[in-house]
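This report concerns only the one structure given below.
For ligands, and for the atoms within them, numbers begin at 1 and follow the listed sequence. From a predicted model like this one, the values you see are computed outputs, not experimental measurements. Side-chain atoms are counted along with the backbone in the values below, which use heavy atoms only and exclude waters and symmetry mates.
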Amino acid sequence: MTPVLDASPSEKTAAPFPALAGADPALAPVVDKVLAGIRLTRDDGLVLFESPDVWTICRLADLVRRRLHGDVAYYNINRHVNYSNVCALSCKFCAFFRKKDEDGAYEMSVDDIVADATRAAAAGATELHIVGGLHPWLKFDYYTDMLRAIREAAPNLHIKAFTAVEIVHLARLSGRWKQRYEGILAVLRDLKDAGLGSLPGGGAEVFDDRVHDEAYKGKIRSDEWLDVHRAAHELGLNSNATMLYGHIEQRAERLHHMMLLREQQDRTLGAWAAAQGITPQAQPTSGGTDAPAIVLTGPDEAYPGARLPMPGASATGYFQTIIPLPFFPDDSELEALPAPTGLENLRTLAVARLMLDNFPHVKAFWIMQTLEMAQFMLQNGADDIDGTVVWYDITKVGGASTHQETTVWDLQRAIREAGFRPVERDTLYRPIERVDGSTWRVVADSSVTA
Ligand code: V47
């Protein structure tokens with residue numbers, strides 16, 4: 001057998017991958033597969049989670065990240081708006097929710113949200129990320145009015161809004177939940193008509209029934225979360241996916257979460273890949289799907305066309321990015337648990353990069369990872385650190401206030417220091433060119449927006 005840790009990959013795919021002193025021999029078959037662009041199995045994932053050799057794992061994640069993005073690392077100029085913290089659910093990990101009339105409960109008026117949107121656009125933001133709790137009394141019109149009013153006041157601001165959990169809530173309160181998938185489609189169509197541009201990745205937590213029943217009972221389960229995103233993709237809306245880890249779940253359950261996302265993305269990307277001339281190799285499947293594996297992270301010679309799905313180039317939407325979110329215990333019902341450590345965060349992100357070979361992007365959300373850790377993550381699989389954010393209410397590092405802002409300069413510096421070239425992107429990962437502070441355009445698109 002080839003001494004795989006010393007394997008010489010083809011000239012185009014990567015720099016040589018010499019074994020480091022202390023490399024774990026159990027990783028050798030995984031290294032071989034990654035170099036050849038062969039999909040990793042669930043068992044490979046377990047090896048990645050259990051190996052003491054985190055650095056080989058991180059170097060592998062960096063290799064596939066560079067195949068996809070070279071020396072580019074993305075950031076954006078965005079604002080988060082949490083329109084209400086009132087929630088019918090009581091998830092044990094969540095310190096954000098309040099019950100109606102409880103101290104600190106709030107809901108924003110549409111006018112206040114529009115004022116935020118207007119300020120964001122004037123400051124040059126390209127994206128508004130809007131999520132809230134499952135408010136028991138706000139009517140469906142509140143959500144469509146909100147989108148329409150933002151669209152009117154700030155037509156160029158991309159609205160990324162509402163987790164899958166909120167979409168199911170909206171289907172319920174607009175009387176369309178009994179139609180299940182058709183009801184979800186109908187809600188998403190209404191929201192899209194009103195101005196929705198994409199779905200954020202929140203609310204996924206960990207796709208496992210045991211963890212669900214123990215920590216967020218009452219929330220939608222994985223099949224419904226995945227259905228909402230499938231429906232969004234069917235309507236041409238892109239979306240993201242999160243994974244909230246480091247609480248009561250096991251590492252094997254994190255892997256299960258990644259496998260379900262990967263299987264769904266295979267089904268979604270199939271037509272795009274065929275049009276690209278990407279011939280799916282005979283790959284081991286993870287079970288549960290007949291769709292051929294679409295491995296975007298393989299070596300260059302496997303890509304006759306574009307390596308990544310370009311927004312608008314395919315009639316279907318897809319998952320753009322996986323965002324591993326480390327658990328923040330403070331003030332939650334699970335606050336006796338320790339938060340995951342820095343090394344666990346790094347490993348989980350690297351494993352996500354390696355297992356989710358059909359996800360174009362991996363985001364190290366700096367608000368939750370810290371900007372310092374996000375720099376390490378850029379070197380170990382991530383290609384995106386999210387944006388300027390400004391107000392963030394859901395988690396707070398070390399008791400920070402909701403004002404959690406960083407400047408473009410800080411983001412760019414963090415990226416450069418990590419050895420990458422900062423590229424501002426829009427929500428759909430198209431590079432942005434600034435005409436001046438608040439005026440911008442999508443590169444290769446002559447229409448200037450402000
Ligand atoms: O849905 C809640 C999680 C999510 C805690 O799509 C917690 O681009 C850790 O989804 N500890 C919201 N996590 C954040 C989110 C997100 C963030 C950035 C970018 C994108 C995107 C999406 O935060 C929630 C929940 O899964 N969360 N409480 C906690 N204590």
Side-chain angles (χ1 to χ4, degrees), residues 74-76 78-82 85 87 89-98 126-134 158-169 196-207 211-212 215-216 219-220 222 225 228-229 232 237-249 257 261 317 319-340 345 348 359-370 374 382-397 399 404 425-429:
Y74 295 101
Y75 69 94
N76 69 347
N78 63 350
R79 295 289 182 276
H80 285 242
V81 172
N82 301 128
N85 60 356
C87 191
L89 299 174
S90 305
C91 299
K92 287 188 184 169
F93 61 77
C94 182
F96 170 66
F97 79 86
R98 295 287 180 280
T126 59
E127 168 188 289
L128 213 55
H129 179 153
I130 308 175
V131 292
L134 305 191
H158 179 106
I159 309 175
K160 178 174 79 176
F162 313 131
T163 65
V165 191
E166 288 162 279
I167 299 295
V168 169
H169 178 65
L196 181 70
S198 62
L199 292 190
E205 322 319 359
V206 181
F207 295 154
V211 183
H212 174 275
Y216 34 93
K219 203 165 211 167
I220 57 171
S222 53
W225 192 96
V228 170
H229 285 257
L237 297 170
N238 283 1
S239 71
N240 297 332
T242 55
M243 177 178 72
L244 196 182
Y245 66 91
H247 42 94
I248 61 160
E249 91 293 354
H257 184 97
L261 288 172
F319 286 121
Q320 305 183 121
T321 181
I322 173 74
I323 312 157
L325 301 174
F327 171 52
F328 274 62
D330 288 1
D331 301 324
S332 77
E333 213 181 309
L334 299 177
E335 76 175 341
L337 295 178
N345 293 339
T348 301
F359 272 54
H361 302 280
V362 175
K363 185 186 288 191
F365 182 40
W366 73 264
I367 289 270
M368 290 201 198
Q369 302 283 8
T370 73
D383 60 279
D384 181 19
I385 56 174
D386 203 76
T388 42
V389 180
V390 184
W391 301 99
Y392 196 70
D393 216 6
I394 297 177
T395 54
K396 292 156 201 154
V397 175
Q404 303 189 68
R425 62 163 177 87
D426 70 358
T427 310
L428 304 177
Y429 285 87

(message) Using 0.5 Å steps for rounding, measure from the NZ atom of K219 to the SG atom of C94.
(response) 7.0 Å
Does [X] reach ligand 1, in the sense of a heavy atom lying below 4.0 Å from it?
{"X": "S239", "value": "no"}
{"X": "L244", "value": "yes"}
{"X": "F96", "value": "no"}
{"X": "H247", "value": "no"}
{"X": "A95", "value": "no"}

On a heavy-atom basis, which atom in [X] and which in [Y] lie closest, and how many Å separate them?
{"X": "D330", "Y": "A95", "answer": "O-CB, 3.6 Å"}
{"X": "H229", "Y": "P200", "answer": "CE1-O, 3.6 Å"}
{"X": "L89", "Y": "F97", "answer": "O-CD1, 3.8 Å"}
{"X": "A374", "Y": "I385", "answer": "CB-CG2, 3.8 Å"}

Using a strict 4.0 Å cut-off to heavy atoms of [X], name the atoms of ligand 1 that fall inside it.
{"X": "E205", "answer": "25 (C), 26 (O)"}
{"X": "G202", "answer": "1 (O), 10 (O)"}
{"X": "F365", "answer": "17 (C), 18 (C)"}
{"X": "P200", "answer": "6 (O)"}
{"X": "K363", "answer": "8 (O), 19 (C), 21 (C)"}

(message) On a heavy-atom basis, I'd like to know which of L325, T242, I367 is closest to atom 4 (C) of ligand 1.
(response) L325
(request) Going by heavy-atom distance to atom 24 (C) of ligand 1, choose the closest among G203, P329, C94. (result) G203
Under 3.5 Å: N/O of [X] near N/O of ligand 1:
{"X": "F328", "answer": "yes"}
{"X": "H129", "answer": "no"}
{"X": "T163", "answer": "no"}
{"X": "M368", "answer": "no"}
{"X": "N240", "answer": "yes"}
{"X": "D386", "answer": "no"}
{"X": "F327", "answer": "no"}

(message) Ring-plane angle category for Y216 and H247, please: parallel below 30°, perpendicular beyond 60°, tilted otherwise.
(response) perpendicular
(request) Determine whether the side chain, the backbone, both or neither of I323 has a heavy atom under 4.0 Å from any heavy atom of ligand 1. (result) side chain
(request) Between P326 and ligand 1, find which residue part has any heavy-atom pair under 4.0 Å and reply side chain, backbone, both or neither. (result) backbone
(request) Go through D383 and H361 one step at a time and tell me if the side chain to side chain donor-acceptor pair (under 3.5 Å) criterion holds. (result) CA-CA 6 Å; D383 60 279; H361 302 280; 2.7 Å; yes
(message) Could you check whether Y429 and Y74 have their ring centres less than 6.0 Å apart?
(response) yes
(message) Restricting to salt bridge (charged side-chain N to carboxylate O under 4.0 Å, His left out), what partner residues turn up for D386, sequence neighbours left out?
(response) K363
(message) For E127, give me all partners under salt bridge (charged side-chain N to carboxylate O under 4.0 Å, His left out), at least two apart in sequence or on another chain.
(response) K160
(request) Indicate yes or no for a side-chain donor-acceptor contact from S332 to the backbone of P329 under 3.5 Å, with no hydrogens or angles considered. (result) yes
(request) Verify, without hydrogens or angle tests, whether Q320 (side chain) and T427 (backbone) share a donor-acceptor contact under 3.5 angstrom. (result) yes
(request) Would you sort out whether H158 and T126 count as a side chain to side chain donor-acceptor pair (under 3.5 Å), showing the intermediate values? (result) CA-CA 6 Å; H158 179 106; T126 59; over 6 Å; no
